[in-house]
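The first residue of the sequence shown is numbered 1, and numbering continues consecutively from there.
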Amino acid sequence: MDNKAMYKLSYGLFVLTTKVGDKHNGCITNTAIQVTTDPNRIAFAVNKLNYTHDMLLESKVFNISIISEAADFELFKRFGFQSGREVNKFQGYGKIGLGSNGITYIKDGTNAYISGTVYDTVDLGTHTLFICDVTDMELLSDADGNVARSATYEYYQENIKPKPQDIKKGDEVGTLVKDENEKGQTVWVCKVCGYVYEGEDLPEDFICPWCKHPASDFEKQVR
């Protein structure tokens, strides 16, 4: 079975934002879809390890910003590779707007945002599926009035995510060269975000601390 076949599904990419009290937070998701048009409802799944998950269960209001092909990797690092429990993801970040619901949305590297309220939830084990009523939505354009194309998960993999650095040994670049008398360091690299786990064996239940993907999305390398 080739797990890479899952990458061919036409996922979009989104920044989900919500607010509890004065605390704003957000995370990256790739699961938002429209499920009905009348009433207008969308659904998306959020990993239970995400702080945004717990905040949304409490607040039940959100904005979801649709990431475009104009986005850069900094957007993913800010909202996908750190936890809102430990940092304020919006500190020093001015590329936001405020929706009519009082929730922030992302203005840079996005082409629209959708506001909503939680209608129902479904427990999926590691994730919660949120089924939501749409309450507002707006297109976002650049200074010239152009609306950028939405970024797919495949586009992110090929054009936004930095390529793994070439393994360099001696004078060879891009090729693994190991002397017979020298044992290289074994690491496991997340194919989604590039997180590196050092160790000979990767636990089967390991979850990437950056992108929350499982051990099956890690690739063994020897440096």
Participant: Can you confirm whether or not the ring centre of Phe79 sits under 6.0 Å from the ring centre of Tyr93?
Facilitator: yes
Participant: Could you check whether any side-chain heavy atom of Tyr155 comes within less than 4.5 Å of a side-chain heavy atom of Leu13, counting everything from C-beta outward?
Facilitator: no
Participant: Should we count NZ of Lys220 as having more than 12 external heavy atoms under 6.0 Å?
Facilitator: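 Check passes, neighbour count above 12.
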Participant: Tell me if the aromatic rings of Tyr197 and Phe218 count as close, with their centers under 6.0 Å from one another.
Facilitator: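 So the answer is no for these two rings.
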Participant: For Lys107, does the NZ atom sit with more than 12 other heavy atoms under 6.0 Å from it, leaving out its own atoms?
Facilitator: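 Incorrect, the count does not exceed 12.
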Participant: Do NZ/NE/NH1/NH2 and the carboxylate oxygens of Lys48 and Asp123 come within less than 4.0 Å?
Facilitator: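 Yes, charged N to carboxylate O under 4.0 Å.
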Participant: Quick check for you: to the nearest 0.5 Å, what is the distance between Ile64 atom CD1 and Ile67 atom CD1?
Facilitator: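 So the CD1 of Ile64 and the CD1 of Ile67 are separated by 9.0 Å.
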Participant: Among Tyr105, Tyr119, Phe44, which one satisfies ring pair (Phe, Tyr, Trp, His ring centres under 6.0 Å) with Phe62?
Facilitator: Phe44
Participant: Does the side chain of Ser141 come under 3.5 Å of the side chain of Asn146 through a donor N or O and an acceptor N or O?
Facilitator: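 Asn146 and Ser141 do not have a side-chain donor-acceptor pair below 3.5 Å.
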Participant: Do the side chains of Val46 and Thr128 get nearer than 4.5 Å, heavy atoms only?
Facilitator: no
Participant: What heavy-atom pair brings Thr135 and Thr117 nearest, and what distance separates the two atoms?
Facilitator: CG2-CG2, 4.0 Å
Participant: Quick check on the hydrophobic clustering: are Val15 and Val118 connected, directly or via other members, by side-chain heavy-atom contacts under 4.5 Å?
Facilitator: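 Per the 4.5 Å side-chain linkage, Val15 and Val118 are not co-clustered.
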Participant: One pair to check against side chain to side chain donor-acceptor pair (under 3.5 Å): Ser59 and Thr18. What are the steps and the verdict?
Facilitator: CA-CA 7 Å; Ser59 72; Thr18 189; 2.7 Å; yes
